[in-house]
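Below, read A as the first sequence line, B as the second, and so on, with proteins coming before strands; counting in each chain starts at 1.
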2 protein chains.
Amino acid sequence: MSPRPAHPELSATLIEAAARLLAEEGPGALSTRRLAAEAGTSTMAVYTYFGGMDDLVRAMVREGFTMLNDRMSAVAETGDPASDVAALGLAYRRNALEHRHLYGVMFGGSNLAGFRLTDEDRQHGRYTLEILVKTVARCMAAGRFSAGDAELVAHQMWIAVHGLVTLELGGYLVEPYDADTCFDAQIRSLLIAAGDEIAAATQSAAASRTRPDVQPLAAGRP
Amino acid sequence: MSPRPAHPELSATLIEAAARLLAEEGPGALSTRRLAAEAGTSTMAVYTYFGGMDDLVRAMVREGFTMLNDRMSAVAETGDPASDVAALGLAYRRNALEHRHLYGVMFGGSNLAGFRLTDEDRQHGRYTLEILVKTVARCMAAGRFSAGDAELVAHQMWIAVHGLVTLELGGYLVEPYDADTCFDAQIRSLLIAAGDEIAAATQSAAASRTRPDVQPLAAGRP
DNA sequence: CACTTTGCATATCGTCGTTATATAACACTG
DNA sequence: CAGTGTTATATAACGACGATATGCAAAGTG
C-alpha cells in the first residue's frame, strides 16, 4: 500500500522538517512546497516517499505516538504506585505541551489539510494506556486503590488529563483556575475516587513540583 | 471593525448554510465558493457581510456558544442539586455530539481554514460555566458536597466532560470502555471527589437513563 | 434629473494538493 | 562498452481554495 522509501534519509528529513514546521509555525505552515523548500528537494518527494500529504502526516503522527510512549515509559517506577500514577499524568501533559500542534492532530481531531485518523492510528494512541493500566493495577494490588477495574480507572485518568490538556492548549484555563491548579485538582480527584485515602487526607497537591514528571501528592507517605 | 450586515436576511442564510455544511459534510466542505452556491449568491457576500471566512466562522462559533448556553439553561432545576450537576454534564455532552464539528471549532482548536479564536470568543465559552458553578454551589449549600471552591469543582467537571467528549468524537472510546460507560464513571468520580456520599454509596451509575439530560445518579435519594 | 453610495457578479492573483510529463541517474543484459 | 528498462526527481500544469480588484446596476439623495 504505502510506498516504501528507497532512500530513507530524505524520508526522515521530510518528517523532521514537517515536525519542525508544525511545531514552530503551526499547521498553516505545513505545505508540500514549503516542505520541499525546507528539505532542499521538490514537492514530488512527498509523493514518491509517502504517497501524499495525508500519509506524511500519518507518519508524523506515528512518531508522535512513539514519543509519547517513550515519555511514559521513562517515568521511573517507585515504591509508591499512586505517585507513579500522578507522574504518568504529568509526563502525558508535558509531552502534549512540548508537541502541542502534533498533539492536536493525534487526539484533538485537528484537521490538518483534511487529514483523518484511521482505526489503526487510534490503536497506537490507545496503546499508550497500557503503561497507565499497569500502574493503576499496581496501586490496587498494593491496597492503595480499592479493588476495581484498573482499565476503567486508567481511562478516567486519560480522559481527565486529555481534557485538561486540550483546554489548556485552547487557552481556556486562566488564572486563578489555570492549568497547573486544575491539573493538581484533577489528579487528586481521580486518586480520591479510586479510593486512595492518603490523597484524600492530603491538604493540597500544589506543593513543590521539583522532581520532573512526578507529583508531590504522596508527600505524607512513609 | 466587523461590518454590520445591511440585509440580515442573507447574512443569516450564509450562517445557516455554513452550519449545515459543517455539520453534514465536515470542515472540508466549508468554502466561500460552496457557501455562495448553497446560498444562491456569489463569494463576495462572505466579504461584504463578514469581512472574510474567519469572521463568518467566528459568527458561527458564537451561535454555537449561545446554543450550548441555551441547552444548559434548559436543564430543569430539581430538588436534588447533585442530580442537576449530572444532568448539566449530560446536556453538555449531548450538545457536543449534536454539533460535533462545531464543538471542535469552539473548544478543540480545530483549525478551520486557519481560523483562530480570540480571547473574547473564549470568554463566551467560559461563560457557560456559570450555570454549572451555581449548581455546584447549590450542592455545597445543601450539604451534598463538602464545602469548598465551587468554581474549581465546576472547572474539574468541565475538564472531565470535555475530555470525554473530545475523545469520543475522535473515536478513541470503544467497547467495553465506550463513551457511555466512561461518562458515568467520570460523573461518579467527580461527585465522589466533591464529597457526595450518596454517589459514593451508589453501586453504579449505569442505570436507566430515561429522562433526557438527567443522570439517574440520585436513584437512592429520598 | 444628476450624482453618490451600496450590493453583488465577474475576473484575477497567489497558493494549495495533486498529477502528468520530461529528464537524469541507475541496474542489468548482451 | 552499448543498449534497455527502471527509478527518482524536477518542472509544468490542473482544479480549487481564500482573497482582492474591477465593474455595473439598483437604491438613495439633493
Rounded to whole Å, how long is the line connecting atom CE of A/Met53 with atom C1' of C/dT19? 16 Å

Short question: side chain of A/Arg93, backbone of A/Val161 - any donor-acceptor pair under 3.5 Å? no

What is the separation between atom CD on A/Glu9 and atom P on D/dA8, rounded to the nearest whole Å? 15 Å

By the 4.0 Å heavy-atom rule, please label B/Ser31 as base, sugar-phosphate, or nothing. sugar-phosphate

Tell me the interatomic distance from A/Arg33, atom CZ, to D/dC17, atom P, rounded to whole angstroms. 16 Å

In whole Å, what is the span from the CE atom of B/Met44 to the C1' atom of C/dT12? 13 Å

Do side-chain atoms of B/Asp178 reach the backbone of B/Thr181 as a donor and acceptor pair under 3.5 angstrom? yes

Calculate the interatomic distance between A/Phe115 atom CZ and C/dC16 atom P; express it in whole Å. 20 Å

Are A/Thr32 and C/dG17 close enough that a side-chain N or O sits under 4.0 Å from OP1 or OP2? yes

If I take atom CZ in residue A/Arg34 and atom C1' in nucleotide C/dT15, what distance separates them, rounded to the nearest angstrom? 13 Å

Can you see if the side chain of A/Thr41 gets near the phosphate of D/dA10 - specifically, an N or O under 4.0 Å from OP1 or OP2? yes

Side-chain donor-acceptor pairs under 3.5 Å in residues 14-26 of chain A, sequence neighbours left out?
| from | atom 1 | to | atom 2 | distance (Å) |
| --- | --- | --- | --- | --- |
| A/Arg20 | NH2 | A/Glu38 | OE1 | 2.6 |
| A/Glu25 | OE1 | A/Arg34 | NH1 | 3.1 |
| A/Glu25 | OE2 | A/Arg34 | NH2 | 2.8 |

Within this structure, what is the CG-to-P distance between B/Leu14 and C/dG7, rounded to whole angstrom? 14 Å

In whole angstrom, give the distance that lies between atom OH of A/Tyr47 and atom P of C/dA20. 12 Å

For B/Arg62, the salt bridge (charged side-chain N to carboxylate O under 4.0 Å, His left out) test, sequence neighbours excluded, returns B/Glu120, B/Asp121

